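Have a look at the structure below before the remarks.
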Amino acid sequence: MLDLEPARPVDRGPTDRPVARLHDLRVSLSRNSRRTEVVRGVDLEIGRGEIVGVVGQSGSGKSVMSLALMGLLPASALPQVSGAVEVDGVDMATAPEAARRRVRRLDLGVVFQDPMTSLNPTMRIGRQVAEAAGSPAEAIRLLRAVGIPQPEQRYGAYPHELSGGLRQRVMIAIAIAGDPALIIADEPTTALDVTVQAQVLRVLAGLRDELGCSILMITHDLGVAAQIADRIAVMYAGEVVEEGPALGVLEAPQHPYTRGLLRARLSLETERGRPLHTGLTDAGALDPDAGTDARAPSGTEPATAVEEAVVERTTVSAPARSEAILRLTEVRCEFAVRDARGRRATLAALRGVTLDVQEGESLALVGESGSGKSTLLRAVAGLETRYTGTIDGPPRSDVQMVFQDAGASLTPWLSTEALLLERLRGRDLSRVERRERVREALDRVGLPETTLAAKPSELSGGQRQRVALARATIVPPRILLCDEPTSALDVSLAANVLNLIHDLRRQMGMTVLFVTHDLAVARIVSDRLAVMYLGRLVETGPVEKVIAEPAHPYTRALVAAVPGARRELPVIVGEPASPMAPPTGCAFHPRCPVMQDECPSTLEGIQLVEIGPRADVEARQHRVACVLRGEF
Amino acid sequence: MARLRFIAGRLAALAVLLLVLSLVLFVLQEVSDADPVASTLGANASQEAREAARERMGLNDPAPERYLDYVGGLVTGDLGTSFRTRHPVADDIGTYLPATLELVLGALLVALVLAVAFAVSSVLRWRGAGLVRGLLFLGSTTPTFLLGILGLMLFYRDLGWLPASGRLSDRGAVDGPTGLVVLDALLAGQPAVAVDALQHLLLPALALAVGPALSIGRVLRSGLVTTLDADFVRTARAKGLTERRVLARHVMRNSVNGALSMTGLQLGFMFAGALVIESVFSWPGLGSYLGASIPVSDFPAIAGVTFVLGAIYIASNTVADVLQGAADPRIAL
C-alpha cells in the first residue's frame, strides 16, 4: 500500500552498526526548582531496519528518553545528561548544535502524538512537508506515498482542514522526508480513532519494509507495541526493566512489572466477572510529594510488591423488571457552526436517537469522534439544551456526570473538601453531618482524609478522577454519566477507576451511562452496548453478544481494530465523515465492505430492528440498523 | 467573501456609532452655555444683528428639526462651518489631519519596533533585555507630555541634537500628494528635507510611542512564550531547522494575534495622546486645531474632529481584526 522508493541511493553503511545507541543514559530535569532523575541508566540499541517498541506508563521516562535521542530536551528544564545517546555515531547530548541539527535533518524523522498540535496551524501542510523534503515536488511525492488522496490539492490545505488521520499522515510524510535512518514515533496513534489507528499503524509498519528505516515506537499500550514491534523494551521509573523479542515479552514476561502491565491491560478477552488487576500501584498516590507527577519515588524497586485489589466483583446484571429510568425519543441535535473555510454550516451531532435505559443497568455508548456520543450524554445531563425530541428522565439533581479530564473539571482554587461541601449546599444538614458525609464519600472512593485540604493541582491524575467521582456520588444520584473517565489515565489507574465505578454502582444501585471509544473498556463496565456512528445508533444489545457476534459492519470493524499481538488488523477504508456533511442513507456506506445498492438511499436501513431470538427483557434484545440485518 | 461581509458589518457599526456620537454632541451643544452667535459676531454686535444671525443659522427652529439638519449635513460630508476660522470644518480637518497622521504613524512604527525588541529580547534572554524593559517601564509610567518635555530638555536644550518644534525647519518647503512631509519630500526627491522632517518627527513620536510599545510588547512576549512551548515548534526543530528559521517561520506568525488586537486598541489611544503632545511640540495637527477651537466653543470644529477620530479608531481596530484573520487561517471573521 505504500508507494515509496528512496529518493536517493541509500548508503546505510555497515549493517551491523546500530542506528542508535543509548548507553547508561541518565537524564535529570528540573521542575519548580526540584531536580528529578527521569531517565536512570538506560541501555538500548536500535539495529538497522529494526522496530523497537518502548512501553511504559506516564512518568516512566520514555518520552524524555526520546527527546534526548533527538537532542531536544527542553532547555527550560535545565537538563543534565550523562552516558551516551548516539544517533549515527553523533552524541545528541554533547555534539555541537550544528552537528545535532544535521542529524535531525538527515537521519531522524519524528512522529508525535497529537497531529493537531504538532503541525503548525498557520502554515499550509505542503509547505510544512516541503520544509523537510526540500522541494514542493518531493513534498507531493511524500504526501502521496503516505496515502493522502489528491496530494496536489491538499498541498495548500491548513491542518485544521484535514481529518485526524490525514493529519497524522502529514506528520509521517514530514518524518520520512530525506529518507531517515531512524523514525521516532511517540504515541503516534493515541490521539486517533480506533479504525484510523489501525490504518496509521499499517503505514508505520510499511515504512520499514519500503524504506528499510528503523522505528522507535514509544507507547503506553502493549497491544500497539505488539502489533508492529520486533523487540520490546519495558520502562518503569526511568529504567528498562525488561527487554526482549516482542512475542517473548508478551507471552513469557520475566519482570513482575511487565506481568502487572499485561494483567492490567484490558482486551476483549479480559474476564468480566472479576475485579480488574490494579497490580501497578498509583505511584503518585503513594508519594505525597509527587504532586501532579505520577512518577514513582526514586529508589523504589519497581512494583515488585504486586498488590491486587481484593474487591469482590460480581456482574451486576440488569434487573429483570423492565422499567425505563431514561427514555429518549427521536433526539436530534444540530449546531450552527463555521466550516473549515469559515462558511456557515450545520453540524448534525445527533440525528434521531431513540433509546430506553433501564433502571439499574449499565449502558456503554461506543463510537468514534463525531459519532455524537458525548453530545448525547450532555443532553441527558441537561448541559445541552439545543435538541429536539424528548428526553424523559429523573430531575437534573438525580443525574451526575464525570468527565474525561478530571483535572480540568475540578475548580483549581478549591480544596477537595470545598468541592465536596459545595454539593451539600442547600441541604438541611448540620456541620457535623456535612463533615460526616464528606468523609463517607472520600472513604467510598478510597482516598485518605489527608486529601481533604489538597487542591486539584496537588493530586495525581488518578486521585483527581476519584475526587470527581466522590463529588458525583456524595449525594447518591440515580444516574451516573461517565464521559471517557479513564481515557486519560494509565492502564492501572484506569483499572482502578473502573473497579471503583463498578463498586459504586453495586453499593448505590445507580444506573450508569458510560461513553467510551474503547470497546475493551465498554465490555468491562457495561451490560449493554450501544454503538453510534455519525449521530445515529447502529447497533444495541447485550455487550458480550454484540462483541462476539457484531451484526453491523461498523461494529465488526471496531471489534477487529482493537490492536494486539498477531492480530491481523482489518482493512477498513476512510475515516468517519464530517458531521457537517454526513453521507445520505446509511452514513457508513462509503466505508462499508458489504455495501448494497440501496444503502446510499435507504430509510429502512437506518432504523434499529430486532434480530436474533426475542428477549424477555428489553435490555437483552439485540438490534441493528442495517439492511443486511447481520446476515453477511 | 466572509472577509468582505465582515468589513461591511464593521462599516455598518461605524455608521451607528457615529450617529450616536452625533446625538451626544448635539445634546452637549444644547445644554452648554456657549452661544454660537456670540462666537460668530463677537460680543459687541447689535441685538438685531444677533437675531438675524440666529434666524440665518436656523437656531430658532425646534431642536429635533435642527438635529435632523445637522445629521443631514453630516451624511453629505458637511461638518458645518467653523465659527472661528469661517472655513468649512471638513476643509480645516483636511489641512490639519495629515500632520497628526504623520505623527501617529511615526509613533506606531517606533512603538512596533520597540515592542518587538522588547518581546524578542526578553524571550530569547538576550543581553540588554533588562535595559530595554527597564527603560520602557520607566517611560510608560511617565505621563506623555512630561516625557515630551523631558525629551526636549535633554535632546534640544542640553545636547542640541533635535529640533524643538514644528514639522520642518523652514515651513512649507514641500507640497506633496500625501500631506505626510517625510513621504512627500522623498517623492519630490529631496532627501535632505526628508531627514529634516524625520528629525522633527523623532522626539514627539518617541514620546507618544513608549506607553503603547510596552503594552504591545508585553502581549507579544506572552504570545511568543506560549508558542515556543507548542508541539509544532518541537516538530520544526525536529526537522533540523535552525533556531532563527524556527522563530521566523513558525513562532512569529502564531504569536502575533494578541499583539495585533492590542495594536489596534493602542492606535486609538495614540490619536488621543497626539492631541496633547502636539501642543508640547507646536505640531500643526488636529490637536492644535482642537486646542484653538475649545476656548471659543467652536462646536462644529470640536464635533468634526471628534467624528474623524472616532471613525479612525473603529477603522484601525477593523484593520487589526482583518490582519488577525490573515495571520491565522482558523479565525473565521
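It should be emphasised that the depicted structure is a prediction, and the values quoted were computed from it without experimental measurement. Every chain is numbered from 1 and lettered A, B, ... according to where its sequence line falls, protein lines coming before strand lines.
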Not counting sequence neighbours, list each pair that qualifies as a salt bridge (Lys or Arg N to Asp or Glu O under 4.0 Å) and has a residue in residues 109-122 of chain A. none
Specify the closest pair of heavy atoms between B/Pro329 and A/Pro121, including all atoms of both residues, with the distance to one decimal. CG-O, 3.6 Å
Give me the one residue out of B/Met252, B/Arg253, B/His250 that meets side-chain contact (heavy atoms from CB on, under 4.5 Å) with A/Thr122. B/Arg253
Taking only heavy atoms into account, what residues of residues 306-314 of chain B are found under 4.5 Å from chain A? none
Cationic N near anionic O, under 4.0 Å, A/Glu131 to B/Arg249: yes
With a 4.5 angstrom heavy-atom cut-off, which part of A/Arg127 approaches chain B: side chain, backbone, both or neither? side chain
Options A/Leu67, A/Leu119, A/Val110, ranked by heavy-atom pairs under 4.5 Å with chain B, top entry: A/Leu119
Is B/Ala327 in contact with chain A via its backbone, its side chain, both, or neither, using a 4.5 Å heavy-atom distance? backbone
Treating B/Arg234 as the side-chain partner and A/Ser118 as the backbone partner, does any N or O pair qualify as donor plus acceptor under 3.5 Å? no
Answer with side chain, backbone, both or neither: which region of A/Met116 has an atom nearer than 4.5 Å to a non-hydrogen atom of chain B? neither
Engaged part of A/Gln128 at the chain B interface, taking heavy atoms whose separation is under 4.5 Å: both
Candidate pair B/Thr235 and A/Phe112, rule side chain to side chain contact (heavy atoms under 4.5 Å, CB included), full reasoning: CA-CA 8 Å; B/Thr235 306; A/Phe112 291 114; 3.6 Å; yes
